[in-house]
**Student:** 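Before I ask anything, let me first share the structure, which is written out below as structure tokens.
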Protein chains: 2
Amino acid sequence: MKSLKKAGLIKTQPRMLILDIFEAQEKKHLSTNDIYMALQRNKTPLSLGTIYRVVNQFEKSGLIQSHHFSPDNAVYELCAADNHDHMIDIRTGKIVEFHDEIIEKRQKEIAEEYGLDLVDHKFILYGYFN
Amino acid sequence: MKSLKKAGLIKTQPRMLILDIFEAQEKKHLSTNDIYMALQRNKTPLSLGTIYRVVNQFEKSGLIQSHHFSPDNAVYELCAADNHDHMIDIRTGKIVEFHDEIIEKRQKEIAEEYGLDLVDHKFILYGYFN
DNA sequence: TTGGTTGCAAATCGTTTGCATCCCG
DNA sequence: CGGGATGCAAACGATTTGCAACCAA
């Protein structure tokens, strides 16, 4: 369970509600609209404005991480200890996470070769799951 | 030199102008606004609406390829024979292309392992160039 | 009390689109 | 001539933001 206090954020009701959504959801990658609708279902609605603000604060605090798998909208997931990459089914939108040491290692070597001080990376595979 | 006819597109003045911009530019990755301004400089202005339409047609025809390196806006580049990946300087926006066989090979293996029929991929390294 | 937080609605900004006009074949 | 292409301005949709009311410490 993540801590708002540890993240340097006042413990408010909206922030707790949103954090709960992330921890309760079977789906790990949520759009602001997913969060909005989940809160509606829970009878604890919040405004979209607040959801956007909270999600941005969470990201700055390192609680969650954003992804732009589609140019249309961002999705967010709780930060995990392992840094994993993603593969996405173009038809269904299904997201599968994976971690690969060969890729991790190789990207560091490439960055080194090119004199790039590596800060972040994005590795996404798109296709169709059998 | 790319061919509009071969791409199944009528050879119109706006489309030729835009294709010329891509082929003349030292910078390979252009936003719609980059194109817009380059056309202004060339005294052959086009409306942004047309630029967006042409760029989308070019992409569907396989003449150019779009990238969303930043969530803010797309950039486009002529399709090259080699499929390369990108590293980006977070500070300057400088883009460097690279091709790596180990990555290419490994991503196919990973897709196979997970039963993903690989269609496309995105591999971007973000950091600071020395 | 008081400064940070929220709701609401308006503003932003990249991108798309409807429509009348124009141009390529 | 006829259908696709273009310019213009309006529409769109995700995200941000100004402001007044509200809540946590």
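A note on names: the letters A, B, ... follow the listed sequences, proteins ahead of strands, and every chain is numbered from 1. As a basis for the values below, the full set of heavy atoms in this structure was taken, side chains included, without hydrogen atoms, waters or symmetry mates.
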**Student:** Report yes if a side-chain nitrogen or oxygen of A:Y52 is closer than 4.0 Å to either non-bridging phosphate oxygen (OP1 or OP2) of D:dT16; otherwise report no.
**Tutor:** no
**Student:** When all nucleic acid strands are considered with a 4.0 Å heavy-atom cut-off, which category describes B:L48: base, sugar-phosphate, or nothing?
**Tutor:**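 If one applies the 4.0 Å heavy-atom cut-off, B:L48 turns out to touch nothing in the nucleic acid.
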**Student:** Has A:R15 got a side-chain atom pairing as donor or acceptor with A:V54's backbone, closer than 3.5 angstrom?
**Tutor:**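 No, A:R15 side chain to A:V54 backbone: no donor-acceptor pair under 3.5 Å.
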**Student:** Report yes or no: do B:H99 and B:E97 form a side-chain donor-acceptor pair below 3.5 Å?
**Tutor:**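 There is no such pair between these side chains.
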**Student:** Answer yes or no: does a side-chain N or O of A:T32 lie under 4.0 Å from OP1 or OP2 of D:dT15?
**Tutor:** yes
**Student:** Any chance the side chains of B:Y52 and B:T32 put a donor and an acceptor closer than 3.5 Å?
**Tutor:**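 The criterion, which ignores hydrogens and geometry beyond distance, is satisfied for B:T32 and B:Y52.
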**Student:** Tell me: CD of A:Q57 to P of D:dT15, nearest whole Å?
**Tutor:**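 A:Q57 atom CD is separated from D:dT15 atom P by 16 Å.
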**Student:** When only distance counts, do a donor and an acceptor, one from the side chain of B:R53 and one from the base of D:dG7, lie under 3.5 Å apart?
**Tutor:** yes
**Student:** Could you tell me whether the side chain of A:T92 and the main chain of A:K94 form a donor-acceptor pair under 3.5 Å?
**Tutor:** yes
**Student:** Just verifying a value: how many Å separate A:R53 CZ and A:L48 CG, rounded to the nearest 0.5 Å?
**Tutor:**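 Here the rounded value is 11.0 Å.
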**Student:** When you look at CD of A:Q13, are more than 12 heavy atoms from neighbouring residues, nucleotides or ligands closer to it than 6.0 Å?
**Tutor:** no
**Student:** Measure from CG on B:N73 to C1' on D:dT15 and round the result to the nearest Å.
**Tutor:** 15 Å
**Student:** Base, sugar-phosphate alone, or nothing: which one does A:N33 contact when heavy atoms must sit under 4.0 Å apart?
**Tutor:** nothing
**Student:** Assign each of A:V54 and A:G49 to its nearest nucleotide of DNA chain C by heavy atoms, then name whichever residue's nucleotide is nearer the 5' end.
**Tutor:**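 First, find each residue's nearest nucleotide; the 5'-ward one identifies A:V54.
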**Student:** Taking N or O atoms only and anything under 3.5 Å, show me the protein contacts with nucleotides 22-25 of chain D, one pair per line.
**Tutor:**
none

**Student:** Five pairs at each end of the helix from C:dT1-D:dA25 to C:dG25-D:dC1: take the axis at both ends and give me the angle between them to 10°.
**Tutor:** 30°
**Student:** Please tell me whether B:E77 and B:H84 have a donor and an acceptor in their side chains that are separated by less than 3.5 angstrom.
**Tutor:**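 Yes, because at least one side-chain N or O of B:E77 sits under 3.5 Å from a partner of the opposite role on B:H84.
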**Student:** Where the side chain of A:D89 meets the backbone of A:F129, is there a donor-acceptor pair that is under 3.5 Å apart?
**Tutor:**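 The answer is yes, because a donor-acceptor pair under 3.5 Å joins these two groups.
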**Student:** Walk me through whether B:H121 and A:Y126 qualify under ring pair (Phe, Tyr, Trp, His ring centres under 6.0 Å).
**Tutor:** CA-CA 6 Å; B:H121 79 273; A:Y126 298 91; 9.0 Å; no
**Student:** Reading DNA chain C from 5' to 3', where do the contacts with chain A start and stop? Cut-off is 4.0 Å to heavy atoms.
**Tutor:** C:dG4 to C:dC8
**Student:** With a 4.0 Å cutoff (strictly under), does any side-chain N or O of B:S47 reach OP1 or OP2 of D:dG7?
**Tutor:**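 Affirmative; the distance criterion is met.
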**Student:** Can you check whether A:L46's main-chain N or O pairs, donor with acceptor, with A:T50's side chain at less than 3.5 Å?
**Tutor:** no
**Student:** In whole angstrom, give the distance that lies between atom CG of B:D72 and atom P of D:dA14.
**Tutor:**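 Result: 16 Å.
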**Student:** Expressed in angstrom and rounded to an integer, what is the separation of B:I51 atom CD1 from D:dA9 atom P?
**Tutor:**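 Whole-Å distance recorded here is 15 Å.
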**Student:** Give a yes or no answer on whether the side chain of B:D20 reaches the backbone of B:L17 with a donor-acceptor pair at less than 3.5 Å.
**Tutor:**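 Checked: no pair found.
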